[in-house]
Amino acid sequence: MENKILPILKYSYDNLADEHIKSCFLYCALFPEDYAIVKESLIECWICEGFIGEYQVLKRAVNKGYELLCTLIRANLLTEFGTIKVGMHDVIREMALWIATDLGKQKESFVVQAAVGLHDVPKVKDWGAVRRMSLIGNHIKDITQPISMCSQLTTLLLQKNGLDYLSEQISELTSLQYLDVSYTNIRQLPASFRGLKKLTHLNLTGTERLCSIRGISKLSSLTSLKLLNSKVHGDVNLVKELQHLEHLQVLTISISTDSGLEELLGDQRLAKCIDSLSLRPIYLSLLMSMENLRHINVTNIDVSEIDTNENWRKSKRNSSGLHNPTVPYFFTNLSTVGIVDLNGMTDLTWLLFAPNLVKLHVGNSEEVKEIINKKKAKKVTGTSPPFQKLEMILLEGLPKLESIYWTPLPFPFLKKIVKLECPKLRKLPLNATSVSRVDELSIVMKPEEEAQLEWEDEDTKNRFSPLISLVTIFFLILSRSMSA
């Protein structure tokens, strides 16, 4: 096959504009066969690997990543799955692996055994030649030997394995820059871990048994640290360690104490690093300084009001320290919001300041009556109609919710609406022209909720009522995907 088909397919690869986009394409082969890769996560990997830009200008680098994705899709080198994922055809992936190993001449340089049921690290003839290794989605519990012999290894992907611990010998990976051990069972980082002086990216997402990363401040080159959904929470001691990471540019973290948040926000440089945040009893209005925040999940918070008037907005300052009235939005990068068990607040009008919101989940909040309050929204100047980028909205367990918005809105990208256990929400902010591509839209609710729906007019009812699905088990699937 290599002699016939792959050289022909390589023509599309050779026509790519430069080495940066070629590196981005080859990187996709590190993921398992038939794997749907989340676009945003893939772009984050490209940035961490240094293919498309620096995190200092995060939004520019992300936009560049989406441009490169579009180019690879148009070249038929990647396949688009819906709006948020891409994948590689098996033959294209084989070609990418062939190219990455110098047309098969250096197979040890790019070792990929992802999701193939391994219980042990695969055998490699020349460990010293390995540059990138992907063992994603296997059943490996121990990597002590012989990975420690990989002195030239720069990228190691071990996520979604049964890994129980990292050996002290990991310090022998002196060239390691990118390490992903997310969704594993590791409980602690070995003392020798601090010897990884070249490590720039560390993903510990979903390590539910990991309670401490003491000594993390010794990783002097670290630029990206992901701790979301681990047992490591941002208390004062951890924040003080993070402050020693002078090159840190991206941080995902859970915070459960006011003192931890105050310590974090007291360091403007560190606050700007926050990409994703999970909060428990915290004041959301303190988050304005996190200008690079993209994902937020808040649980069990007690707050009566988030001020959306001009007094709140006066605290937004430009680089000179002066208020900038021409900047109406605080959360320009925020794309995902999850709010569960909210106590005391009756509306979420502050979402007006998140113009690029893609996913919204509000659940189990007994006091919420409106998503956007009309009176408060009228006092806010300089903002466009909300939810212009929204693709998915999940509302469940909101017994007092009566309104999302007081008038129909355009939803250019809306794909899914879920309304469960919201008995007073009888009208959706839709008219016959709200969604142009209704073939891509689905609406999920219980039969009794559908029976109580009120429509803007008969045209609106005829356009959207056929899209309603009463399969309530879908809620469980969607809820988990939005909370991830």
Side-chain angles (χ1 to χ4, degrees), residues 82-84 308 329 334-339 346-363 365 368-378 380 383-475 477-479 481-482:
T83 58
I84 64 172
T308 55
Y329 300 114
L334 193 61
S335 65
T336 305
V337 172
I339 299 174
T346 60
D347 66 84
L348 301 173
T349 306
W350 67 272
L351 292 173
L352 287 172
F353 302 115
N356 296 310
L357 194 63
V358 175
K359 296 180 182 179
L360 175 63
H361 174 202
V362 186
S365 302
V368 174
K369 296 180 179 180
E370 304 164 290
I371 301 300
I372 306 294
N373 175 273
K374 182 178 181 179
K375 184 177 180 179
K376 293 178 182 178
K378 293 292 186 181
V380 177
T383 60
S384 302
F387 309 133
Q388 294 301 289
K389 300 289 184 67
L390 196 68
E391 296 182 11
M392 187 181 300
I393 180 169
L394 167 57
L395 306 170
E396 46 94 14
L398 307 173
K400 294 183 180 179
L401 182 66
E402 298 178 356
S403 168
I404 296 174
Y405 200 75
W406 63 89
T407 188
L409 289 168
F411 292 97
F413 301 100
L414 193 62
K415 301 291 189 297
K416 202 166 297 293
I417 302 172
V418 177
K419 182 183 90 74
L420 295 169
E421 304 294 345
C422 304
K424 292 188 177 182
L425 181 60
R426 298 185 177 181
K427 191 172 183 179
L428 301 174
L430 301 171
N431 61 23
T433 62
S434 290
V435 181
S436 57
R437 296 290 301 275
V438 293
D439 56 315
E440 297 180 356
L441 176 67
S442 64
I443 304 173
V444 179
M445 63 183 66
K446 288 186 174 182
E448 57 269 30
E449 291 181 302
E450 181 196 22
Q452 296 174 346
L453 273 183
E454 300 173 3
W455 299 97
E456 182 73 12
D457 50 41
E458 198 65 23
D459 287 343
T460 305
K461 179 179 180 179
N462 292 337
R463 186 168 178 80
F464 293 105
S465 60
L467 307 177
I468 296 176
S469 169
L470 305 177
V471 184
T472 56
I473 193 173
F474 175 77
F475 156 68
I477 301 171
L478 181 62
S479 178
S481 67
M482 289 194 69

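Annotation: the span from Met392 atom CE to Leu360 atom CG amounts to 11.0 Å, rounded to 0.5 Å. Residue Leu351 holds its CG atom at 9.5 Å from CG of Leu390, rounded to the nearest 0.5 Å. To the nearest 0.5 Å, the span separating CZ on Arg437 from NZ on Lys415 amounts to 8.0 Å. One finds the OG atom of Ser469 at 12.5 Å from the CD1 atom of Ile417 (value rounded to the nearest 0.5 Å). Here the straight-line distance linking atom CG of Asn431 with atom CG of Asp459 works out to 9.5 Å at 0.5 Å rounding. Once rounded to the nearest 0.5 Å, the distance linking CD1 of Ile443 with CG of Leu414 reads 8.0 Å.
Residue Ile371 is tested with Thr349, Leu395, Ile393, Leu425 for a side-chain contact (heavy atoms from CB on, under 4.5 Å); the sole match is Leu395. For the side-chain contact (heavy atoms from CB on, under 4.5 Å) test with Val362, the passing option among Val337, Leu401, Leu398 is Leu398; the others fail.
Using modelled atom types, no side-chain atom of Thr460 and backbone atom of Glu458 make a donor-acceptor pair closer than 3.5 Å. Judged purely by atom type and a 3.5 angstrom limit, Arg463 uses its side chain to pair as donor or acceptor with the backbone of Val435.
Leu453 is listed as a side-chain neighbour of Ile468, based on a closest heavy-atom distance under 4.5 Å. Residues Leu348 and Trp350 form a side-chain contact, since some pair of their non-hydrogen atoms from C-beta on lies under 4.5 Å apart. Counting heavy atoms from C-beta outward, Lys375 and Asp347 have side chains that stay 4.5 Å or more apart. Contact annotation: the side chain of Lys376 never approaches that of Leu352 to less than 4.5 Å [non-hydrogen atoms, C-beta and beyond]. A heavy-atom distance below 4.5 Å is not found between the side chains of Glu396 and Val418. Side-chain contact between Phe464 and Leu441: present, with at least one pair of heavy atoms (C-beta onward) separated by less than 4.5 Å. A 4.5 Å side-chain heavy-atom check between Trp455 and Asn462 finds every atom pair outside the cut-off. Annotation: side chain of Lys446 is in contact with side chain of Glu421 (closest heavy-atom distance under 4.5 Å).
Looking at Lys369 and Glu402, no side-chain N of the basic residue comes within less than 4.0 Å of a carboxylate O on the acidic one, giving no salt bridge.
Taking both residues in full, the closest heavy atoms of Gly397 and Cys422 are given as N-SG, 4.4 Å, listed atom of the first, atom of the second, then distance. Of all heavy-atom pairs between Ser434 and Leu409, the closest is OG-O, 2.8 Å. The minimum heavy-atom distance between Glu449 and Lys419, with the atom names listed, is OE1-O, 2.8 Å. Considering all non-hydrogen atoms of both residues, Arg426 and Gln452 come closest at CB-O, 3.7 Å. Across every non-hydrogen atom of Pro429 and Phe411, the tightest pair is O-CE1, 3.4 Å. The minimum heavy-atom distance between Gln388 and Pro410, with the atom names listed, is NE2-O, 3.1 Å.
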